[in-house]
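Below you'll find the structure, written out as structure tokens, and then a few comments.
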Amino acid sequence: MARGVHLTDHRNKGWFIVTRNGQLVHATGLSRTYTVGRREIPALRGVDFSINRGEFVVLLGPSGAGKTTTLNLVGGLDRPTGGSLSVAGEVVADGSVHAKESRLNALRREHLGFVFAEFHLLPTLSALENVQVPLIWADESGRDRAEALLCRVGLGHRLTHRPDELSGGEMQRVALARALINQPALLLADEPTANLDTNTRDEIFGLLRELSDEGLAILFATHDHELAERGDTVLRLSDGVIVHD
Amino acid sequence: MSLTRLAIKSLLLRPARTLLTIVSVAASVAVLFSLLSFNSGYQEGLQKQMQQMGVHLMVVPIGCPYEAASLVLEGGEIENYLNESVAEEIAGMEGVAIAAPSLMHAIVRPEDGRTDIYLGVDEKHLELKNWWRLNDGEKPGPGLLSEDDAVLLGWDAALIEKREAIGERIWVPEIESEFSVTGILEPTGTQDDGFFYVPLRTAQEQFGLEGKITAVQVRLTDPSMAAEVADALDARFAGVEIIRMEELLGSMTALMDSARALIFAIVAVVIAISGVGVLNTMLMSVFERTREIGVLRATGAGRLHIFSLVWTETLALTVIGGVTGLGLAAVAARGVEAVIKRFVPMAPQEAMTRFDPHAALICVLAILGVGLVAGIYPSLRAAQIRTIEALRSE
Ligand SMILES: Nc1ncnc2c1ncn2[C@@H]1O[C@H](COP(=O)(O)OP(=O)(O)OP(=O)(O)O)[C@@H](O)[C@H]1O
Ligand SMILES: [Mg+2]
């Protein structure tokens with residue numbers, strides 16, 4: 001594994017942004033109820049959790065448990081219907097008070113990275129260009145950094161390949177580099193290994209483990225029990241609530 | 001990576017659709033540009049031609065005056081004739097400086113794809129066309145038409161005949177006669193360049209039209225008296241049409257104005273249609289890329305970023321199309337001109353379409369306007385896409 005970039009070298013930005021009690025994410029009574037027509041679907045029913053910097057949290061639960069909902073809330077892509085949530089020093093929601101959308105955009109831009117099960121790369125862009133997409137919104141250029149990150153995730157030899165010329169594992173590595181380009185404090189990973197075979201899954205997971213050891217906090221949603229033990233902390237989610245064993 | 005680069009790369013997702021949209025924009029810009037430059041060229045050419053004529057009135061046999069005048073100017077056969085005595089009488093009238101008779105006859109040679117127009121004239125015609133010069137720089141004198149077999153060639157006529165030297169002979173099998181070139185005229189940029197000028201007597205004899213003429217071109221001592229003299233002529237002669245050249249110019253311009261209004265209405269529709277095409281393409285693209293837009297939002301893009309991205313894509317489409325269209329029009333200008341000349345009366349002989357930077361600017365602004373407007377709705381739709389739903393969508 002290439003070690004060209006040591007994430008802690010340039011992660012100072014995220015490093016110190018923590019909530020008052022030293023936590024990167026703090027959620028209390030976090031709820032999200034979807035309204036479909038006149039029907040109310042309580043996807044998340046008052047969960048409490050926190051994530052420390054550099055902590056590898058596995059969010060484990062079966063399909064429909066509310067994993068994606070949780071990640072969306074923490075990522076500021078969606079707003080909770082109850083409870084309070086702060087992420088990287090930003091009060092995302094406190095009861096009925098919500099952060100402005102522009103603050104949430106900035107939060108994602110500066111402190112958060114996303115990876116998804118379906119990779120979600122832009123098909124017409126090369127690996128290198130895909131990694132640089134978040135820089136557009138940050139009004140930065142960082143070709144060198146993108147290249148270094150691709151080397152870091154083991155894709156130094158695939159810079160100019162387009163997604164359809166890459167394997168699933170390679171695509172997820174590109175997506176991971178894209179998530180890391182803005183030097184986030186927290187990586188939100190929604191079943192990133194769901195579409196990979198066991199070997200590739202373990203490789204990607206190993207890579208995440210390394211990154212976490214270097215100081216990146218990770219919220220890793222999965223229904224894969226096997227992976228649960230490999231994180232620092234496990235949050236078992238079932239039917240919108242956290243169950244403690 | 002910049003926003004613009006991302007926008008252009010996004011257009012490559014559906015290359016065929018993008019190309020089609022560009023082509024449609026290019027086509028409408030090409031049409032707009034051609035019409036704009038043709039219009040200014042036509043106006044200019046027509047005016048120049050009229051001024052150069054130095055002819056204030058034209059007396060022709062009765063018939064549709066504009067059709068007849070157009071025939072006289074462009075060359076062609078007029079069925080009816082005037083008696084040559086009319087010219088002498090007109091010359092004696094008050095306010096008339098010169099009254100030059102002419103007899104026009106066309107020799108059609110379909111096998112060569114050409115029609116030679118022979119114009120029988122006398123020395124008064126040379127007096128009337130006092131701006132004519134021979135290709136040796138001299139003013140053409142009456143001696144040029146003194147011999148019966150003399151022919152004075154217009155510049156284009158000389159080119160067609162491939163005659164360069166004085167004294168060369170031209171055999172005209174249709175009338176079994178031979179002419180001797182006495183001079184070649186410098187180009188004037190008008191229809192005059194295309195004619196074969198022969199002595200009036202010769203023309204009358206050769207074409208079997210003794211004592212006949214097809215037109216009398218009149219110069220007045222005072223051009224502002226045109227209306228009065230025309231009235232006097234009208235009262236005096238029966239069976240003639242009196243055409244005032246300034247009126248003719250006015251009618252031609254009015255005709256062109258209404259044709260132009262129609263043409264521009266069509267162009268407006270064409271441009272609107274291509275604008276709707278652009279809007280449609282971008283809207284489809286936005287719907288197709290819903291999930292991608294969700295991903296962009298997840299990587300930190302705000303609504304304004306998404307709006308700008310789609311707007312930039314729309315502008316890129318229209319600008320690329322517009323520039324292509326301008327290039328196309330510039331290249332195709334010659335062909336377009338040939339077509340237009342066939343359908344517009346009295347088209348000037350000079351090039352009517354030339355690359356007019358003013359017209360190009362108007363085109364660029366018009367298409368930019370179309371792009372800006374067409375881009376608003378798709379961009380708004382893109383900006384309004386809800387991220388979590390976009391990420392869930394397939
Ligand atoms: N936008 C939505 N509108 C309505 N209901 C929704 C919406 N998103 C999620 N839900 C519902 O909320 C519940 C939790 O969904 P969520 O996507 O968070 O589950 P998950 O744990 O990510 O499941 P999976 O492992 O299948 O991805 C489900 O019952 C789902 O149907
Ligand atoms: Mg999910």
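Every chain is numbered from 1 and lettered A, B, ... according to where its sequence line falls, protein lines coming before strand lines.
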So, for [X] and [Y], which heavy atoms are closest and what is the spacing to 0.1 Å?
X        : Y        : value
B:Gly275 : B:Val370 : CA-CG1, 3.5 Å
B:Ser28  : B:Ser274 : OG-OG, 3.2 Å
A:Ala177 : A:Val153 : CB-CG2, 4.3 Å
A:Pro163 : A:Leu121 : CG-CB, 3.9 Å
A:Ala99  : A:Val91  : CB-O, 3.3 Å
A:His161 : A:Glu165 : CA-OE1, 3.4 Å

Query raised in the report: Counting a contact as any heavy-atom pair under 4.5 Å apart, which residues of residues 32-42 of chain A contact chain B?
Result: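 Expected list: A:Arg32, A:Tyr34.
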Report summary line: Among residues 57-70 of chain A, those lying within the under-4.5 Å heavy-atom range of chain B are none
Query raised in the report: Would you say A:His157 has more than 12 foreign heavy atoms packed within less than 6.0 Å of its NE2?
Result: yes
Measuring only between side-chain heavy atoms, which start at C-beta, is [X] closer than 4.5 Å to [Y]?
X        : Y        : result
A:Phe119 : A:Val174 : no
A:Phe49  : A:Leu237 : no
B:Ile306 : B:Leu296 : yes
B:Pro378 : B:Glu313 : no

Query raised in the report: With under 30° as parallel and over 60° as perpendicular, where do the rings of A:Phe220 and A:Phe205 fit, or are they tilted in between?
Result: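 Rings of A:Phe220 and A:Phe205: perpendicular, over 60°.
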Heavy-atom distances under 4.5 Å only: say whether [X] touches chain A with side chain, backbone, both or neither.
X        : answer
B:Leu391 : both
B:Ser10  : backbone
B:Thr387 : side chain
B:Arg289 : neither

What residue in [options] has the most heavy-atom pairs under 4.5 Å with chain B?
options                                : answer
A:His120, A:Glu118, A:Arg143           : A:His120
A:Leu122, A:Asp190, A:Leu188, A:Val133 : A:Leu122
A:Gln132, A:Glu101, A:Arg178           : A:Glu101
A:Leu125, A:Leu135, A:Leu112           : A:Leu125

**Report entry** side chain to side chain contact (heavy atoms under 4.5 Å, CB included), paired with A:Leu208, selected from A:Ile218, A:Val115, A:Thr193
**Finding:**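 Single side chain to side chain contact (heavy atoms under 4.5 Å, CB included) partner of A:Leu208 among A:Ile218, A:Val115, A:Thr193: A:Ile218.
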Requested in this report: Flag the one option from B:Leu309, B:Leu12, B:Leu6 with the top tally of heavy-atom pairs under 4.5 Å to chain A.
Outcome: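 Looking at each option in turn, the highest pair count goes to B:Leu6.
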Query raised in the report: Picking from B:Arg392, B:Arg386, B:Arg297, which has the most non-hydrogen pairs under 4.5 angstrom with chain A?
Result: B:Arg297
**Report entry** Check: A:Asn195 side chain, A:Ala117 main-chain N or O, donor-acceptor pair, under 3.5 Å
**Finding:**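 Looks like yes, one N/O pair under 3.5 Å.
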